Amino acid sequence: MDKKKILIVEDERDMLTTLQEALSYEGYETVGAENGKVGLKEALDAHPDLIILDLVMPEMDGMAMLNKLRKDPWGSTVPVIILTNRSNPSDAAEALDQDVYKFLVKANWSIDNVIQEVRRQLPLEK
Amino acid sequence: MSKRKEKSKNEYRKYVTKSLSALRPVFARASLGDFSSSLRLPEKDDEFAELYAGIQIMIKVMRDQVSELDDKVLKLQKSELQIEAVLESIGEGMVATDVNGTIFLANDAALELLKTEKKSLLGKDIEKQLIIESEDGKKLPAQLRPLHQVLLRTKKITAKDYWFRRFDNTRFPAVITATPILLNGKIIGAIEIFRNLTHEHEIDKAKTEFVSLTSHELRTPLTIIRWSADMLKKEDLLNGQQLKYVERIRKVSAIMADLIQAFLNASRIELGTLSVRPQFMQIRDVIDRTVEEMRFESAEKGIRLVYKKISLPKINIDPELLRVAVQNLLSNAIKYTPKKGRVLVQYKKTKTRISMTIQDTGIGIPPDDHKKIFTRLYRASNAKRISAHGTGLGLYITKALVEKLNGKIDFISRVNKGTTFKISFPIR
């Protein structure tokens, strides 16, 4: 049976590996992208089951990628969790407008909380 | 009378007339202020010789005195020019008034700062010409003006947080020092000296932005530390001691995260970028959860955390800001209360307000610190004895948050008996 696939778009290398390792440990398949441009391409190519998206990235930031993604017919339906350190409510409001499942501020959450949210959206069949 | 007697009388008359006439030009010149003439003393040693000598001395004395006076006037003029030069070269604006507030002096720096000329200030009422405002643009009432207070109380006053309105209708922030002008112990006027603080404000802003940026940048590496520690624990490959180390990493990382959040909050408050998003909600939802989160910490210290709940009406309030404010107060209460103490949380409601009090049996706040306890980076004198750690930002942030939420905060405290903080919000 195919594992559930998660695309993680995050420019900080160590953060990306930490997330990939944590989610692999839980039993998910993960794919990483270091900015919005690469992330958009990966998303449209690989059609992951869930996207975890950082906001502040070089080349193309999270909001820009999200805007473009939502214009694609498949892209308009894929669940997205925003995982960022930007904690201003105005950022959250903007993201929620784009039909984002959750807006999580990294500094306020433990890795288990993040995994919980992922599981809620993408339950693993055991 | 014999002819000879007649003749000597006439000669004597001529002699007197001549001797007296010689004095006329001397007096004439003296009346015009000219004491330069000198008298030729007569050959005869008679009454006129004495008179001439006396007048000669008088003229000389007058001459000397006038000369001395001229010197003094010259010195005074020079002194006046020096003072004027000094006043003009003072970098700060200076305006002096008499006891009625009428301006009689304004230096170049003042004219430059206010973008005006001497004629629009001299002889005018300072209250009408030199407008001082508070930060929000409201004109300062006359009786609160530093110069006015100085005229009443004859004591020096320094004031910040005021703005001067220029004659081109722009304004600048200033620090104002007002002092009385005293002559023989009596007040004859007052001086207002002011300096443009725009540069200082810009530096302050840059510093705050720096703190904000740094704090923000620190969050990601810190999150990676915390999550890696979480994973270490999770993967269950560690022995007891190793787990203890990991627990320690998790614990202090959480402390660091709180600190960074506090710095971020403080800088957002300073920069005015803190966003408020009120919702019509039940504050018990937020406060119940926050109190529960504190149970572990209070239990660790053997402190009884007592929470008396009552039903409350919904109000318009930002839940996140409320959470941080309440968490700060609870955290302080627990931190500054010694083991086996008690923290009591309860509510009061009236028709117009909801209030919440957090009462501890802790070390209290010394009276000398009461005024400053809400200022940034301030820690009470006894706080450092119970804990070396503390940013001094907690109450500064709490007060700012409560006020952003349209609430009020107050406290009563007695050293070694305890402190009670009260926050209240309007019901709308």
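Only a predicted model underlies this, so the values are computations on that prediction, with no experimental measurement involved.
Proximity to chain B is limited to the side chain of A:Thr18, based on heavy atoms less than 4.5 angstrom apart. Looking at A:Leu83, only its side chain comes within 4.5 Å of chain B, counting heavy atoms on both sides.
When all heavy atoms of B:Arg226 and A:Trp109 are compared, the closest pair comes out as NH2-O, 3.0 Å. The shortest heavy-atom contact between A:Leu19 and B:Trp227 is CD2-CZ3, 3.7 Å.
Partners of A:Glu34 under the salt bridge (charged side-chain N to carboxylate O under 4.0 Å, His left out) rule, at least two apart in sequence or in another chain, do not exist in this structure. Qualifying salt bridge (charged side-chain N to carboxylate O under 4.0 Å, His left out) partners for A:Glu12, counting only residues two or more places apart in sequence or in other chains: none.
Sparse packing is recorded around CZ of B:Arg304, with 12 or fewer heavy atoms of other residues, nucleotides or ligands lying under 6.0 Å away. Shown here is B:Lys349, whose NZ atom has more than 12 heavy atoms of other residues, nucleotides or ligands within 6.0 Å. Annotation for A:Arg13: atom CZ does not count as buried by contact number, only 12 or fewer foreign heavy atoms lying within 6.0 Å. No more than 12 heavy atoms of other residues, nucleotides or ligands lie within 6.0 Å of NZ in A:Lys37, so this atom counts as exposed by the packing criterion.
Of all residues spanning residues 201-225 of chain B, those with a heavy atom less than 4.5 Å away from chain A's heavy atoms are B:His216, B:Arg219, B:Thr220, B:Thr223, B:Ile224, arranged by number. Taking 4.5 Å as the heavy-atom cut-off, the residues of residues 232-252 of chain B that approach chain A are B:Lys234, B:Glu235, ordered by number.
A distance of 8.5 Å separates CD1 of A:Ile111 from OG of B:Ser228, quoted to the nearest 0.5 Å.
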